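Take a look at the structure below.
Predicted, not measured: the structure shown is a model, and the values here were computed from it. When a ligand or atom number is given, it counts from 1 through the structure's own listing order.
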Amino acid sequence: MNSYSMYIDGKWCGAESGETYDGINPALGEPFGKIACGGRADAQRAVAAANKALPSWREVPLWERSALCVKIANILDQQKEALAEILCTELGKPLHGEAADEAGETSAPWHVAAEQAKYFEGHTKPCADPQKRVLTFWRPRGVVAAITPWNFPAAIPGEYLPFAIVMGNTVTWTPAPTAAATAVKLMECIHEAGVPPGVINLVTGPGAEVGDELVINKGTHAIGMTGSPQTAEIISSRSGLKPTLFELGGNGPIVVLEDANPGEIAAAIGFACFYAAGQVCSCAERIFVADSIKDELVDAIVAESKHWKVGNPLDESVNVGPQNNMGVVEKMTAHLNDATGKGAKVVAGGKRPDLPGFFYEPTVLVDFPKDSLVNHEETFGPIAPITSFKDEDQAWDYINACDLGLTSSIFTRDVDRAWNWAEGLNSGITVVNDWTHFWEHHLPFGGMASNRSGLGRIGGRHTLDFMSDLKSIVFNLGKPTVTRDN
Ligand code: NAD
């Protein structure tokens, strides 16, 4: 079995306790490797290393920091087959589809950070006092704690690490325990590119210990976290006044008005529900369709669900891998039982296939009630819950019963109604006439403020913003404003 180490101060190492835990292949439910099980002491070592590296790293010219990000991106591209293999082994992502997609995209944010940092300008500010000149510029925050989830374990670290280091910060990073081997592979690429010791440190282990230590330790100065609202609430209660960026879960509604064409849009909706076995924050998890076209849409989505084949992720024809762990399987079952107990009907899937590992069949659920768990919480499984509405107020009422708001879609050819829905939907991103997953690395992404999908925005200059402090310098020309002479 392979062993996976942590990376602190430029060196590969085990946990101070010597402990390891088993990495589990979710397609088989069997161990594939031994992973260093770090604890608070290891997180403290990582924070100390990041602080030691900070004074010299922040003095490295921006163009050199940017060039390092490009070098890392190039190595990630050279290593994309190996990355896809570990994504398949550790997450069960279908090797020829989802795993290859993510591995192929892993370098993209490193390029975006490298490029955009060069144009991340400060300003000179006009002011009322004719004697003053005011200019603003960006300074690194210090040591950034990056806490990442398991569902896109190669891509999501790229939303934090390159933006942090290109701005002159150093990083202590902890990945989700069920995605640690992928993090180690990524770290190997970063190491190969020649990152100086201490600039990026990786500590694997339980979030409640390693992650918590990074959050509360006085030696970290900002926290970027992608994960569940529940964990973010704990972090928020422990982080004091540190700046925090939270990218959290969603329960994306899709609204389909009566002028949409069910046959034409079913594949996009299927993709929004079933890709990555439904384990994407931007998944569509609730579909609201006008009564007059409900039956047609349900039939089209049931037909679409048959294109999503569950099975061995090494098999080229498979496009639905396993859920990450039994907890996700149990949540899917609980949400289905809750909805059917309240009158909803399963019209496709609805059970676990007869396979080892943590699989679930792509499921279509019809007529879920407003008070059901699928309407209120993120399911994070391969599920398309559909319900119909007679008038739009009824749809708004259902949708607004949920306090998550990351992504949403509206399908209609009526521009006025599309605009009203897009403006009114309580989510950080609304897509008109396409799936909920659209995003590119330079665009802002995140949950709408005051709901439980997040705080702040990642993407391009928005992440650079978070990774920096805006400093103003006020330059007085001539004598001080107040002297003993005036
Ligand atoms: P999670 O909240 O369980 O864990 C996220 C990270 O937090 C992990 O690294 C974990 O080890 C760490 N952690 C756990 N307890 C902690 C604590 N007490 N203190 C500090 N850190 C702690 O989430 P998950 O199950 O890994 O990921 C799935 C969730 O992430 C879903 O809700 C999904 O929607 C969300 N997500 C959001 C986005 C986005 O961009 N908005 C992207 C991907 C995933």
Side-chain angles (χ1 to χ4, degrees), residues 21 26 35 37-40 43 90-91 102 109 145-160 172-180 182-183 202-217 220 223-239 242 244-252 275-285 323-332 358 377-381 404-407 427-429 436-439 441 443-448 451-459 462-463 466:
Y21 67 94
I35 294 165
C37 188
R40 287 193 187 273
E90 187 174 40
L91 283 307
E102 183 174 352
I147 302 176
T148 54
W150 48 258
N151 64 332
F152 286 91
I156 288 175
E159 293 168 2
Y160 296 106
T172 50
W173 167 34
T174 189
T178 54
T182 305
L202 170 69
V203 186
T204 51
E209 270 190 61
V210 175
D212 185 65
E213 182 60 38
L214 299 184
V215 167
I216 63 170
N217 195 299
T220 62
I223 301 159
M225 183 268 191
T226 301
S228 63
Q230 293 79 357
T231 305
E233 276 159 0
I234 297 171
I235 292 175
S236 182
S237 71
R238 308 267 295 155
S239 57
K242 290 180 191 177
T244 45
L245 174 60
F246 288 128
E247 293 297 331
L248 310 178
N251 192 18
Y275 185 73
Q279 300 171 116
V280 193
C281 57
S282 55
C283 266
E285 300 214 3
Q323 310 312 123
N324 177 258
N325 56 66
M326 270 314 284
V328 183
V329 172
E330 282 158 12
K331 193 174 187 193
M332 176 91 181
F358 313 139
E377 289 180 17
E378 180 182 54
T379 306
F380 230 46
L404 294 162
L406 188 62
T407 59
S427 54
I429 300 178
T436 44
H437 288 319
F438 178 77
W439 182 59
H441 288 281
L443 299 174
F445 186 90
M448 183 156 261
N451 68 33
R452 296 174 72 239
S453 285
L455 185 68
R457 292 289 178 272
I458 46 158
H462 305 280
T463 322
F466 176 75

* Asked: Between Trp150 and Phe380, what is the ring plane arrangement, given parallel below 30°, perpendicular above 60°, and tilted in between?
  -> perpendicular

Below 3.5 Å, can you tabulate the donor-acceptor pairs from side chains in residues 173-180 to any protein atom, sequence neighbours excluded?
unit_1: Trp173; atom_1: NE1; unit_2: Thr148; atom_2: OG1; d: 2.9
unit_1: Thr174; atom_1: OG1; unit_2: Val203; atom_2: O; d: 2.8
unit_1: Thr178; atom_1: OG1; unit_2: Asn324; atom_2: OD1; d: 3.0

* Are any side-chain N or O atoms of Ser282 and backbone N or O atoms of His437, one a donor and one an acceptor, separated by less than 3.5 Å? -> no

* Going by atom types only, do Tyr160 and Thr226 share a side-chain donor-acceptor pair under 3.5 Å? -> yes

* Sorted by chain and number, the residues that approach ligand 1 to under 4.0 Å with a heavy atom -> Ile147, Thr148, Pro149, Trp150, Asn151, Ile156, Thr174, Pro175, Ala176, Pro177, Gly207, Ala208, Gly211, Asp212, Met225, Thr226, Gly227, Ser228, Thr231, Ile234, Ile235, Glu247, Leu248, Gly249, Cys281, Glu378, Phe380, Leu406, Phe445

* To do: Report yes if the side chains of Asn151 and Ile156 come closer than 4.5 Å at any heavy-atom pair, otherwise no.
  => yes

* For residues Gly381 and Met332, report the shortest heavy-atom separation together with the two atoms involved. => CA-SD, 3.7 Å

